[in-house]
Amino acid sequence: MSDAPYDRVSAQRLMADVQALSQWVRLSGTPEELEAFKYVQGRLRAAGCRTRLILHDAFISLPGAASLVATRSGGDRPSAIPCITHSFAAPTGPDGVEAEALYVGSGTPQALSASGPAGTIVLVDGLATPARVRDGESAGAAGLVFLNRDPVVHEMIVSPVWGSPAPDDLARLPRLPVVSVARAEGARLRAMARAGGLRLRITAQVDTRWRKTPLLTGDLPGAVEDTFVLVSGHLDSWHRGAMDNGTANATMLEIARLMARARRYRGIRFAFWSGHSHGRYSGSAWYADHFWHDLHTRCAVHINVDSTGGRGAVINRYGYAMPETRGVADRVLQALTGDRFEGSPVGRMGDQSFLGVGVPSLLMDVSEQPSDSPDASADFSVRTGGATGGLGWWWHTTEDLPDKIDPDVLVRDCRIYLGIVHAFATEAILPLDYGATARRWQAALRALPRSVGRHVDLRPVVAEAQRLVDATGTLERTIRRARAVPSRRAARAANAALLAMGRALIPIGYTEAGPFHPDPALEMPEMPVLAAVRALGGAAGDEAKHLAVRAVRDLNAVRHALAQAADAADDGTRTVRDALSRSRR
């Protein structure tokens with residue numbers, strides 16, 4: 001990591017690419033977006049990458065015109081409220097949908113249940129999200145109006161379907177009209193609803209259909225190992241998208257320029273997606289489907305790049321990380337800023353389409369606003385409980401323009417990503433810490449309620465977790481010795497073991513649907529496979545018996561994955577030791 005070319009990161013080059021990309025409104029599947037893809041392809045080729053531009057089918061939803069009209073009982077004149085509709089919201093037709101308005105605060109299932117919203121147009125505080133739309137549908141609402149807290153209204157996508165829908169996904173697509181308003185209009189509507197007698201009419205146009213969308217990859221080959229580091233980010237945008245995701249695209253191009261000159265042990269594949277904003281990650285999901293076996297065999301790690309360089313974005317410690325990848329981000333961040341990287345659990349957002357494949361992942365965005373910053377997003381501050389102010393109040397709005405970018409912050413963020421990519425691409429043995437992952441599993445199993453043991457036998461899976469902890473500890477000690485010896489045979493043996501462990505542990509730790517079918521874009525608990533086991537701790541009677549059926553199956557899956565990973569660690573230890581002994585002869 002110490003020889004990463006940090007001093008060659010150029011603010012001038014980065015900002016030039018941001019300015020160039022910001023000339024286009026990059027809606028998925030449009031000619032303007034394709035022009036941006038061709039620009040990036042030219043830059044990748046100039047850097048020395050082998051490029052491939054693919055056009056594939058994707059189910060894309062582009063919001064159109066929307067209106068919101070408010071009337072009060074007593075003969076008040078109708079009042080037009082500025083609003084926008086959202087990707088995958090239901091169109092209304094020219095007559096719109098009209099109903100009594102009902103304000104339900106945060107819009108939680110409990111709040112909806114207590115309010116009785118059936119047949120009403122529901123007013124909800126905050127951002128439009130798939131979960132809230134689903135809950136509104138389940139409660140019988142006729143439509144939804146989201147009251148954003150920021151001064152400008154945020155574009156959103158309200159479908160929970162990850163990627164283009166298969167036949168069994170179609171029923172999950174939203175069936176309600178959904179619009180959002182900015183802070184001032186939200187305050188006005190909230191007051192009108194509380195006063196009573198408010199009726200609303202929503203009219204919305206949404207163009208949802210199959211489109212051809214671009215996908216671009218650029219490869220830098222490795223010198224030794226036929227594996228690659230996947231560095232990805234979406235190129236589509238809302239409006240001109242200078243920060244989201246122009247700065248991230250510029251960051252990737254700068255890393256490509258610099259890493260093309262570095263000696264690489266393994267390759268780097270830069271991937272630029274369409275359909276992130278308007279297809280619920282349709283580009284990365286398509287790539288996971290159509291290149292599953294290549295990814296499963298050769299992809300060493302996925303590094304996701306999003307929304308770098310926002311002015312005032314000084315918080316760098318909360319990006320997505322897995323236990324096995326967190327350490328790399330921590331040492332890079334400490335070297336560059338002196339701060340520690342805490343990491344946040346990898347969740348269901350941000351083109352995390354490769355969890356079922358078993359690819360270790362790191363980051364989405366790397367910098368956020370303090371919650372008390374004038375540039376913070378009030379909507380994000382609420383979502384994070386005040387921990388951060390998100391990506392800036394301009395995120396997903398017409399105000400996401402180059403004037404929101406700080407070149408110094410952009411250089412800092414680029415250096416962080418560069419250090420991480422450099423470490424994964426140039427270190428002979430992958431810097432993955434599966435001992436940390438093993439300890440996470442052990443801690444999670446030990447934290448299960450003791451009452452679970454009355455219904456299912458936890459001892460075999462707990463013992464398997466201990467075996468994995470022991471096996472990874474032995475492997476790590478062996479790898480430490482191998483890192484001091486220039487042995488390609490030992491490095492390849494260690495890397496094969498590390499990849500095999502990820503393929504076993506990541507699908508079981510982060511998915512419900514398994515390796516080949518993406519889970520919905522909805523919040524999931526950590527280690528969702530243990531959800532039924534956790535619930536069993538407080539269950540009794542028939543409910544406990546039903547849960548126990550599921551819990552036994554899920555524990556079998558966990559035990560099997562832990563055993564596969566432990567076997568891979570044991571095999572790795574033997575083969576690395578054998579390679580080291582041969583290198584000494």
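Along the sequence shown, residues are numbered consecutively beginning with 1.
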_Rounded at 0.5 Å granularity, tell me how far CG in Asp306 sits from CG in Leu363._
10.5 Å
Residues 552-565 side chain polar contacts: donor-acceptor under 3.5 Å, at least two apart:
| unit_1 | atom_1 | unit_2 | atom_2 | d |
| --- | --- | --- | --- | --- |
| Asp554 | OD1 | Arg550 | NE | 3.1 |
| Asp554 | OD2 | Arg550 | NE | 2.9 |
| Asn556 | ND2 | Val552 | O | 3.3 |

Taking atom [atom1] as the centre, does [X] end up with more than 12 heavy-atom neighbours from other residues, nucleotides or ligands that are less than 6.0 angstrom away?
| X | atom1 | value |
| --- | --- | --- |
| Arg489 | CZ | no |
| His517 | NE2 | no |
| Arg52 | CZ | no |

*Arg439 (side chain) donor-acceptor with Val469 (main chain) under 3.5 angstrom*: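 Answer holds: no.
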*Verify, without hydrogens or angle tests, whether Asn245 (side chain) and His234 (backbone) share a donor-acceptor contact under 3.5 angstrom.*
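Looks like yes, one N/O pair under 3.5 Å.
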*Can you label the angle between the Trp395 ring and the His154 ring as parallel, tilted or perpendicular, going by 30° and 60°?*
tilted
*For Tyr510, is the NZ or CZ atom of Arg440 found under 6.0 angstrom from the centre of its six-membered ring and inside 45 degrees of the ring axis?*
yes
_Applying side-chain contact (heavy atoms from CB on, under 4.5 Å), can you list everything that pairs with Asp519, at least two apart in sequence or on another chain?_
Arg348, Thr511, Glu512, Ala513, Met524
_List the residues meeting side-chain contact (heavy atoms from CB on, under 4.5 Å) with Asp330, not counting sequence neighbours, and say none if there are none._
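Once residues adjacent in sequence are excluded, the partners of Asp330 under the side-chain contact (heavy atoms from CB on, under 4.5 Å) criterion are Arg326, Gln334, Arg340, Phe341.
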Considering only NZ, NE, NH1 and NH2 on the basic side and carboxylate oxygens on the acidic side, decide whether [X] and [Y] come within less than 4.0 Å.
| X | Y | answer |
| --- | --- | --- |
| Arg269 | Asp219 | yes |
| Arg582 | Asp578 | yes |
| Arg331 | Glu427 | yes |

*Assess whether side-chain contact (heavy atoms from CB on, under 4.5 Å) is satisfied between Ile429 and Leu498, documenting all intermediate values.*
CA-CA 9 Å; Ile429 298 179; Leu498 293 168; 4.2 Å; yes
